[in-house]
Amino acid sequence: MSLLEVRGLRAGYGAADVLHGIDLTVDEGEVAVVLGANGAGKTTTMKALAGMLPRRGEVRLGGAELGTRPDRVVAAGMSLVPQGRGTLATLSVLDNLHVGAATRKDRKGIAEDVERWFDTFPVLRERSGQSAGLLSGGEQQMLAVARALMSRPQLLLCDEPSLGLAPIVVQGLFATLGAINAEQGTALLVVEQNAELALDLAHRVHLLEVGEVAATGTAEDFRRDDAVRRAYLGF
Ligand code: ATP
């Protein structure tokens, strides 16, 4: 059994569906990447999985249907780093982390996790009392990742974490995501435009085309596929 099992996922905005029946799985401890052109439905998929959009179809985590309430999805073990970061600008960095832990009650564990993510992202410790809105784009993305991890997810969804960040910042962020996966066993489902970077991180790749999964394979399969290389890797 896979950690995440998605079958026939349909969702959209209003009357028309944007997702026409997505099937995908993420295994325990796996890094899965979703590639696809602009408008293919990547963000819609992430929102639908996180319970932020009405949807049909099955979404199971560890065998149990996740439902469509965002707080219950988080409590069940899956949290989202939304596109555009979504940190709470007027709250302090520390309060943002506590918001991420809203589904937990173990105060000691929460305090330990705050320290852990401050160790991983030292700039967040330096700025812990500052409003999140004053952080740079890269720092806000680190905060968004740390906040999502505060719920101790089994599966972390990341929607285009590299968007708008300088290449050096992106490399650091991806290295950290890889380390979180390797050291904690947290599974990742990452939507990423930067296909080269994404393939370096991915165990498995799902290619989304107009609301459907058109292909699934290993990073190696995708690098070898001429059409995919031309369309997404530019060489
Ligand atoms: P990108 O890489 O450009 O972010 P994407 O693959 O994430 O693309 P989505 O954002 O999921 O694509 O959008 C899929 C389709 O849904 C597009 O046709 C888009 O115009 C439409 N769409 C997205 N958000 C909304 C919305 N809030 N209301 C109506 N239509 C929307």
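A quick note: this is a predicted structure, and the numbers were derived from the prediction, not measured. Read the numbers this way: they start at 1 and go in the same order the structure lists the ligands and their atoms.
When the heavy-atom distances from atom 12 (O) of ligand 1 to Gly12, Gly14, Gly41 are ranked, the shortest goes to Gly41.
Counting only heavy atoms of the protein, atom 1 (P) of ligand 1 lies nearest to Asn38 ND2, 3.6 Å. Protein heavy atom in closest approach to atom 8 (O) of ligand 1: Gly39 N, 2.8 Å. The protein atom (non-hydrogen) at minimum distance from atom 24 (N) of ligand 1 is Tyr13 CZ, 3.3 Å. Among protein heavy atoms, the minimum distance from atom 9 (P) of ligand 1 is reached at Thr44 OG1, 3.6 Å. In this structure, atom 10 (O) of ligand 1 lies nearest to the protein heavy atom Thr43 CB, 3.6 Å.
Side-chain contact between Leu66 and Met78 is present, with at least one heavy-atom pair separated by less than 4.5 Å. Using a 4.5 Å cut-off on side-chain heavy atoms (C-beta onward), Arg116 and Gln184 make contact. Residues Glu58 and Glu65 meet the side-chain proximity criterion, which asks for heavy atoms closer than 4.5 Å. At least one side-chain heavy atom of Gln193 sits under 4.5 Å from a side-chain heavy atom of Asn38.
For Ser136 (side chain) and Glu139 (main-chain N/O), a donor-acceptor pair under 3.5 Å exists by modelled atom type. The closest donor-acceptor contact from the side chain of Asn194 to the backbone of Ser162 lies at 3.5 Å or more, if one exists at all.
Within the listing of ligand 1, atoms 2 (O), 4 (O) sit less than 4.0 angstrom from a heavy atom of Glu160. Each of the following atoms of ligand 1 lies closer than 4.0 Å to a heavy atom of Gln83: 4 (O). Short contacts between ligand 1 and Gln193, defined as distances under 4.0 Å to a heavy atom of the residue, involve ligand atoms 2 (O). Taking every heavy atom of Ala37 and a limit of under 4.0 angstrom, the matching atoms of ligand 1 come to 6 (O).
Around atom CZ of Arg7, more than 12 heavy atoms belonging to other residues, nucleotides or ligands sit under 6.0 Å away.
For atom 14 (C) of ligand 1, a protein heavy-atom neighbour is present inside the 4.0 Å cut-off.
An N or O contact shorter than 3.5 Å is missing between Val18 and ligand 1 by distance.
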Working for side chain to side chain donor-acceptor pair (under 3.5 Å), residues Asp159 and Thr43: CA-CA 7 Å; Asp159 191 357; Thr43 294; 3.0 Å; yes
